[in-house]
Amino acid sequence: MKTLLQTLIGQALLQLQAEGALSGVELPAIPVERTRDRTHGDFASSIALGLAKAARSKPRDLAERIVAALPASERLAQVEIAGPGFINFFLTPGAYRAVVAEILNQSDAFGRSQIGGGRRVQVEFVSANPTGPLHVGHGRGAAFGATVANLLEAVGYQVHREYYVNDAGRQMNILAASVWLRYLEHCGESFRFPSNGYRGGYVRDLAARLYAEHGSAYVTSAAQAFQNLPQDDIYDEDGNLVTPGDKEAHIDALVECARALLGDQHYRYVFELGLNAILDDIRDDLQEFGVVYDHWYSERTLEERGAVNKILQRLRDAGQLYEKDGALWFRSTRFGDEKDRVMQRENGQTTYFASDIAYHLEKFERGFDWVIDVWGADHHGYVPRVKGALQALGADPAKLDVLLVQFAILYRNGERVQMSTRSGDFVTLRELRHEVGNDAARFFYVLRKSEQHLDFDLDLAKSQSKDNPVYYIQYAHARVCSVLRQLREKGLPRNEARGRDHLALLTEPHEEALLIALARYPEVVEAAALNHEPHQLAQYLRELANAFHSYYNEHRVLVSEDGLRDARLNLSLATRQVIRNGLGLLGVAAPEAM
RNA sequence: GCGCCCGUAGCUCAGUUGGAUAGAGUGUCGGCCUCCGAAGCCGAAGGUCGUGGGUUCAAGUCCCGCCGGGCGCGCCA
């Protein structure tokens, strides 16, 4: 409808130009939007306000000339000029009702479009290091990323969902060392656990597994492992730093010790044990959450192919690298970054940044037209250097969009749930899912704008009342299903064709409001997709459910008159279809009964 | 200190890319079930859009300065 109006106005403008008016005026994009106030009609355009100055005429005069030149349309009941020069469009009742047939015809496809034109977009999200289970912060990235991907697919993009697995880097070595140290403890050794090691309970579980499989075959004395290491930072029980050392150097040296003491084969085994167990856990977790990927991209394969070294060489050849203090630096300040960045550390290890550049460049080489990364908001300072590196390598940084997701803060009994990463004491995504259910979790995670902090009320997410928006929407869906059950129980006939023939009987204000809400759905999906704003869809579904509940409360669907009953059933079924489609994009179930 | 994000009803948040009289939910108060699911509906009250300037036909929305909050500023990721 919106595009129809834009076309009509466009034709009117061309007509005016042909008549010699608006000469030399460049025609802008034509603004058409839904009105907030029903007395302003259904749609309004401010085109005359925007064009008045260039046309050297008063907005209202220009609006009148546009309206006069407007081609006729059977879907328009009335066109008015209002306020300073708005053109208000009133639709015919038939134009409202047409959406019911449209929905029933298209069913699952209603709301989908081809705006994306099949262009290839890659969405990379979550990509948490496989050094521990996903926590509630990752959960938001998962729900958000998955929904953005679904939305883009719905508007005609060819979407590739990817998880980048940091299975090669330093952090994985630290995990392996952590597992081994816990294993030593398990075997009776005692020592101060490194401050930079992984302290979560799952590390002890992995250590116990190592012991169960191999007994004490991996034991050496702790004293040996801790010989001649750089001093660690030492914290007291409250997490305050009491004796500063160099925790990074300490843990790196400890990793090297572990590797030397265990030997390549045994070290490899511990490493793989940790990686595989945790990655499997993450996969299962996400799958249960309804989040599936086309590809789990291994950082290790990048390194094995020499892609990281190739990037270093290319940057060196381009004169973008220099050596300082024994490390290799990238001149990211040339590309708007605040400071230059290390690509290769003094000890020869390449940084996370280096392999990330290789990965991102490869995304473009794989032929994606558009690349989207979903990151935690605490990584926002990382954006300029990645874009800078891409630019330095001749790729177009504008094709990369980084979407930042703020943390979710859990509340229980009105109080903030405390979490601490350092002690490994955090609420996992799995725990959250088990507590509130997948549907509530998926929905609550995308209810707010992504760059907004999210207050996640656990009690509300669990409540089964209208206070809980998930239940509120699902209940509207279940209600329609319930009406159909009632219909059968009462032995009433149903005839969809008869319903279509009697749509003109839908004249109640509540019915009109519901029809308008239904017609908005494709617009909402489009806006939510193109702006990466799933919350728009979530908010809309609440409004749609509200329109239905209000209608349902005021009027009976199962009336005795056949034509009206079938028309109302069709309207209800159309509502159910749209709710189902919308919830589907959000990854939320649409239950038939609750 | 510098950079990014955010300040809208008591609370949690929308606000259609600059449009008409700023909206929901929740909370408070008051109504609606001999009738398709009350897991619902209806109404009332509640606002200097943090603040001071600027841009223009039009500013919650764009620009600048303050105030207040969050995050970032490593040879960590």
Side-chain angles (χ1 to χ4, degrees), chain A residues 2 31-37 39-40 44-46 49-50 52-53 58-59 82-86 88 128-129 131 166 169-171 174 196 247-249 251-252 324-329 338-339 341-347 349 351-353 356 376-384 404 406-407 411 414 447-449 451-455 457 460 463-469 471-472 474-476 478-487 489-490 492 520 523-524 527 530-531 535-536 538-540 542-543 545-546 548-559 565 568 572 593-594:
Chain A
K2 207 181 250 184
V32 172
E33 47 195 37
R34 286 195 179 267
T35 56
R36 268 193 267 248
D37 187 338
T39 63
H40 295 143
S45 177
S46 60
L49 293 163
K53 185 172 274 185
K58 290 181 189 165
F86 290 102
N88 293 338
N129 283 346
T131 53
N166 290 106
R170 175 169 172 262
Q171 295 303 320
I174 295 175
N196 246 6
K247 60 181 177 182
E248 306 292 350
I251 196 83
D252 283 340
K324 193 182 84 181
D325 304 331
L328 199 54
W329 299 70
E338 324 179 304
K339 51 181 75 172
R341 307 292 173 178
V342 170
M343 301 285 287
Q344 190 167 30
R345 301 168 63 196
E346 194 177 2
N347 65 8
Q349 288 181 343
T351 57
Y352 176 91
F353 179 45
D356 221 23
D378 54 334
H379 285 62
H380 72 255
Y382 199 70
V383 178
L404 301 173
Q406 288 280 359
F407 287 125
Y411 286 84
L447 191 54
R448 304 297 177 214
K449 276 215 289 244
E451 60 265 36
Q452 190 85 241
H453 286 276
L454 175 71
D455 285 340
D457 186 334
L460 180 61
S463 83
Q464 307 200 351
S465 73
K466 71 181 182 109
D467 306 355
N468 184 339
Y471 278 86
Y472 185 81
Q474 290 182 322
Y475 180 45
R479 258 187 160 170
V480 178
C481 297
S482 173
V483 170
L484 289 181
R485 285 192 295 270
Q486 283 292 324
L487 181 80
E489 280 173 26
K490 293 183 177 175
L492 289 169
R520 279 176 53 210
E523 299 162 22
V524 171
L530 298 182
N531 297 313
H535 76 277
Q536 288 197 34
Q539 304 273 359
Y540 162 82
R542 233 212 108 270
E543 288 166 27
N546 176 246
F548 180 75
H549 285 311
S550 295
Y551 169 51
Y552 183 89
N553 216 264
E554 193 67 25
H555 302 285
R556 292 183 61 80
V557 175
L558 301 181
V559 293
R565 183 179 65 245
R568 287 183 170 175
S572 301
M594 302 174 64

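Throughout, protein chains are lettered first and strands after them, A, B, ... in sequence-line order, and every chain is numbered starting at 1. Keep in mind that this is a model prediction, so the values were computed, not measured.
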Same-atom distance ([atom1]) from [N] to [M], integer angstrom:
N	M	atom1	result
B:C35	B:U16	C1'	39 Å
B:C6	B:C49	C1'	14 Å
B:G7	B:G60	C1'	11 Å
B:C62	B:A20	P	15 Å
B:G15	B:U21	C1'	15 Å
B:C4	B:U56	P	25 Å
B:C42	B:G25	C1'	16 Å
B:G10	B:U55	P	32 Å

With a 4.0 Å cut-off on heavy atoms, is [X] in touch with a base, just the backbone sugar-phosphate, or nothing at all?
X	value
A:A593	base
A:E248	base
A:S482	base
A:Y382	base
A:E543	nothing
A:H379	base
A:D325	base
A:F353	nothing
A:E346	base

Inset, instruction - Consider only side-chain N and O atoms of A:R479 and A:H549, and report whether a donor and an acceptor are under 3.5 Å apart. - result: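 Yes - a donor-acceptor pair under 3.5 Å links their side chains.
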
Legend entry - A:T131 and A:N129 side chains, donor-acceptor separation under 3.5 Å: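 The answer is no; no qualifying pair exists.
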
With 3.5 Å as the limit, what N/O pairs link the protein to nucleotides 18-23 of chain B?
| unit_1 | atom_1 | unit_2 | atom_2 | d |
| --- | --- | --- | --- | --- |
| B:G19 | N7 | A:S46 | OG | 3.3 |
| B:A20 | OP1 | A:R36 | NH2 | 3.4 |
| B:A20 | OP2 | A:R36 | NE | 3.1 |
| B:A20 | OP2 | A:R36 | NH2 | 2.4 |
| B:A20 | N6 | A:N88 | OD1 | 2.6 |
| B:A20 | N1 | A:N88 | OD1 | 3.3 |
| B:A20 | N1 | A:N88 | ND2 | 3.2 |

Legend entry - Lys/Arg-Asp/Glu bridge criterion (N-O < 4.0 Å) met for A:K2, A:E33: no

Legend entry - Note: A:R345-A:E248 ion pair, threshold 4.0 Å (strictly below): no

Atom pair [atom1] ([X]) and [atom2] ([Y]), whose distance is rounded to the nearest 0.5 Å:
X	Y	atom1	atom2	answer
A:C481	A:M594	SG	CE	11.0 Å
A:Y411	A:D455	OH	CG	4.0 Å
A:T351	A:W329	OG1	CH2	10.5 Å

Short side-chain N/O contact from [X] to OP1 or OP2 of [N], under 4.0 Å:
X	N	result
A:N546	B:C41	yes
A:R345	B:C76	yes
A:R479	B:A38	yes
A:K449	B:G15	yes
A:K2	B:U16	no
A:Y411	B:U26	no
A:Q452	B:A14	yes

Side chain of [X] only, please: which of [options] is the nearest?
X	options	result
A:K53	B:G72, B:U56, B:C75	B:U56
A:Y475	B:A38, B:C36, B:C75	B:A38
A:K490	B:A77, B:C36, B:C76	B:C36
A:H549	B:A77, B:C41, B:C75	B:C41

Inset, instruction - Quick one: sort the A:Y551 and A:F548 rings into parallel, tilted or perpendicular, breaks at 30° and 60°. - result: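 Aromatic pair A:Y551/A:F548 classed perpendicular.
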
Inset, instruction - Could you check how far OH of A:Y540 sits from P of B:G15, rounded to whole Å? - result: 17 Å

Legend entry - Check: B:G70 base within 3.5 Å donor-acceptor of A:Q406 side chain: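 No, the side chain and the base share no sub-3.5 Å donor-acceptor pair.
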
Inset, instruction - Can you check whether any acceptor in the base of B:G3 is under 3.5 Å from a donor in the side chain of A:H380, or vice versa? - result: yes

Legend entry - Cation-pi geometry met for A:R542 and A:Y472 (6.0 Å, 45°): yes

Legend entry - Syn/anti state for B:C33 [syn: chi within 90° of 0]: syn

Legend entry - Closest heavy-atom pair and its distance - A:S45, A:P31: OG-O, 2.7 Å

